[in-house]
2 protein chains.
Amino acid sequence: MGVRTRPTRDGIPDATVSRLPVYLQALTGLAESGVPTVSSEELAALAGVNSAKLRKDLSHLGSYGTRGVGYDVEYLVQHISAELGLTQDWRVVIVGVGNLGRALANYGGFGSRGFSVAALVDAGADIVGTAVAGLPVLPLTELERVVRDLRVQIGVVATPADVAQEVCDRLVSAGVTGVLNFAPCVLSVPNGVMVRRVDLSTELQILAFHEQRRAASDLAEDLSSDLAGGLFDDDATIAPPVDLPKEAAG
Amino acid sequence: MGVRTRPTRDGIPDATVSRLPVYLQALTGLAESGVPTVSSEELAALAGVNSAKLRKDLSHLGSYGTRGVGYDVEYLVQHISAELGLTQDWRVVIVGVGNLGRALANYGGFGSRGFSVAALVDAGADIVGTAVAGLPVLPLTELERVVRDLRVQIGVVATPADVAQEVCDRLVSAGVTGVLNFAPCVLSVPNGVMVRRVDLSTELQILAFHEQRRAASDLAEDLSSDLAGGLFDDDATIAPPVDLPKEAAG
DNA sequence: GCATGTGAAGATATTCACAGCC
DNA sequence: GGCTGTGAATATCTTCACATGC
């Protein structure tokens with residue numbers, strides 16, 4: 001029961017942190033449309049979450065809303081940005097300039113919000129020396145120098161899986177403390193370094209799992225559609241009713 | 001009831017489902033190396049999780065290990081694949097053939113495991129009609145026809161954010177029931193359709209948050225560096241493979 | 001009146017620790 | 001002896017429901 005609302009300087013739950021970027025995205029959109037305030041209900045709908053969760057999440061940053069009114073859009077944008085560390089500029093190096101690396105380098109949202117691509121690095125003799133997204137592609141041998149000289153904090157691994165761990169090791173020993181891994185493998189890193197993995201196969205497989213379930217329950221539904229009295233099965237025939245997916249907006 | 005171990009035909013927890021693809025990846029690697037069996041400890045290390053969690057996860061699929069020995073690699077690969085629905089072929093359409101769409105289309109791991117790219121679709125007059133990754137790029141107007149005729153189940157949205165929702169709506173109304181969204185926005189879909197979001201900004205922002213924290217705690221550490229009885233900072237990362245025992249359990 | 005902020009309840013997820021089996 | 005499989009303990013996350021304050 002703090003007398004006044006503290007910005008809660010202790011831990012923000014991981015689950016909350018992972019949703020803040022989504023809120024920020026929605027809020028930025030609102031700000032651009034000139035919307036001055038937003039209710040938890042509205043913002044939650046835009047972010048695809050339930051409003052109680054949104055309020056709880058925001059409450060971890062402090063009390064930035066006004067009862068009976070809602071949240072000031074600009075104000076919230078500022079606070080979430082600050083909380084995520086977007087007020088400073090993070091320098092990123094992209095290793096691997098294949099199709100994916102190129103896509104990442106050209107990705108607009110990069111520079112816009114606190115991140116700048118400091119360098120592109122690749123091992124291919126044919127691509128080194130060319131320019132991608134306005135930056136020269138440097139040889140892999142320059143990796144350590146670039147990370148050190150430009151004080152790069154975050155490395156993006158967009159290489160084939162078989163060299164990803166080696167690249168990661170080199171990034172880390174050169175001083176990178178955060179890694180975003182697009183290679184389809186698990187990277188191991190020393191304590192104090194954070195890795196996040198983004199993998200197409202993984203995402204597709206998770207979708208496939210749910211597709212399969214849905215197909216199975218559709219079938220069951222068909223089979224019992226006439227009877228509908230529900231005689232058999234006390235034990236779970238299939239699946240709960242419609243168990244709506246994580247991201248589906250209500 | 002079960003005299004023998006049932007494959008637990010009811011719900012597998014979401015958290016488990018999201019890790020199965022990682023296990024599968026590690027197991028596939030082991031299989032290719034000709035490793036016949038693996039212990040929970042080893043597999044957990046490869047997957048970057050703790051071994052109790054791995055065992056609990058696998059126990060949801062049934063009892064496929066042998067006490068005192070470990071898990072049969074091939075056998076596990078089969079069962080996890082089946083559980084994820086990879087024994088059937090899922091047809092995917094990629095909408096948006098920019099840098100990212102191209103990267104996705106060329107992504108090898110696609111065809112290898114239960115997924116096939118049925119079509120590429122784009123709105124750009126300049127790119128429609130060309131071939132990417134061996135497939136012709138079709139005009140956006142063909143979207144519905146393609147989804148229906150080829151019975152596509154999964155749509156990949158790799159378009160700019162401002163058209164993502166419209167594309168998604170068209171995919172869904174044409175019959176797609178799973179969507180993988182690479183556009184930096186939240187898609188809303190009807191009940192029964194699942195969306196998964198993959199967003200570079202989001203990942204970078206989550207990394208930035210932790211970077212910022214680390215920087216703050218490094219500072220604190222510096223201040224108290226002489227005292228230090230051995231504080232290498234706690235958590236902060238994806239579980240490192242070294243999982244040190246708190247004390248030798250008696 | 002109306003929407004935030006939050007204790008408390010409920011649901012999930014993780015970890016421990018050991019029984020059971022090879 | 002070694003390793004799986006799992007109840008029980010813990011931790012984390014979500015949701016409810018309403019007091020609080022504009």
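All figures in this text were calculated on a predicted structure; none of them were measured in a lab.
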(message) Side-chain N or O of B:Tyr71 versus OP1/OP2 of D:dG5: is the shortest distance under 4.0 Å?
(response) yes
(request) Could you tell me whether the side chains of B:Ser201 and A:Gln25 share a donor-acceptor contact shorter than 3.5 Å? (result) no
(request) Rounded off to whole Å, could you give me the CG-to-P distance for the A:Asp72 and D:dC22 pair? (result) 16 Å
(request) Keeping to residues at least two apart or across chains, list the salt bridge (charged side-chain N to carboxylate O under 4.0 Å, His left out) pairs with something in residues 14-37 of chain A. (result) A:Arg19-A:Asp57
(message) Short of 4.0 Å, heavy atom to strand atom, which residues of residues 32-44 of chain A count as contacting DNA chain C?
(response) A:Ser39, A:Ser40
(message) Show every salt bridge (charged side-chain N to carboxylate O under 4.0 Å, His left out) that has at least one partner inside residues 64-75 of chain B, sequence neighbours left out.
(response) none
(message) With a 4.0 Å cutoff (strictly under), does any side-chain N or O of A:Arg19 reach OP1 or OP2 of D:dT14?
(response) yes
(message) Could you tell me how far apart A:His60 (NE2) and C:dG5 (C1') are, to the nearest whole angstrom?
(response) 11 Å
(request) Hey, which sits more toward the 5' end of DNA chain D by its nearest nucleotide, A:Gly68 or A:Ala15? (result) A:Ala15
(request) Assess whether one donor atom and one acceptor atom, taken from the side chain of A:Arg55 and the base of C:dT4, lie less than 3.5 Å apart. (result) no
(request) Kindly write out the residues that satisfy ring pair (Phe, Tyr, Trp, His ring centres under 6.0 Å) with B:His79, not counting sequence neighbours, or none if the list is empty. (result) B:Tyr64, B:Tyr75
(request) Check the distance between C:dT12's P and B:Lys53's NZ and give it to me in whole angstrom. (result) 17 Å
(message) Restricting to side-chain contact (heavy atoms from CB on, under 4.5 Å), what partner residues turn up for B:Val22, sequence neighbours left out?
(response) A:Val186, A:Arg197, B:Ala47
(message) For the CD atom of B:Glu83 and the CG atom of B:Leu20, what is their distance to the nearest 0.5 Å?
(response) 7.5 Å
(request) Specify the separation, in whole Å, of atom NE2 of B:His79 and atom P of D:dG5. (result) 12 Å
(message) Rounded to whole Å, how long is the line connecting atom CG of A:Asp14 with atom C1' of D:dC13?
(response) 11 Å
(message) Please report the distance, rounded to the nearest Å, between CG in A:Asn50 and C1' in D:dC13.
(response) 12 Å
(message) Go nucleotide by nucleotide along DNA chain C from the 5' end; which of A:Lys56 and A:Thr66 gets its closest nucleotide reached first?
(response) A:Thr66
(request) Could you check how far CZ of B:Arg67 sits from P of C:dC21, rounded to whole Å? (result) 6 Å
(request) Name all pairs fulfilling the salt bridge (charged side-chain N to carboxylate O under 4.0 Å, His left out) condition that reach into residues 35-51 of chain A, sequence neighbours left out, sorted by first residue then second. (result) none
(message) Between P on C:dT12 and CD1 on B:Ile12, what's the gap in Å once rounded to a whole number?
(response) 15 Å
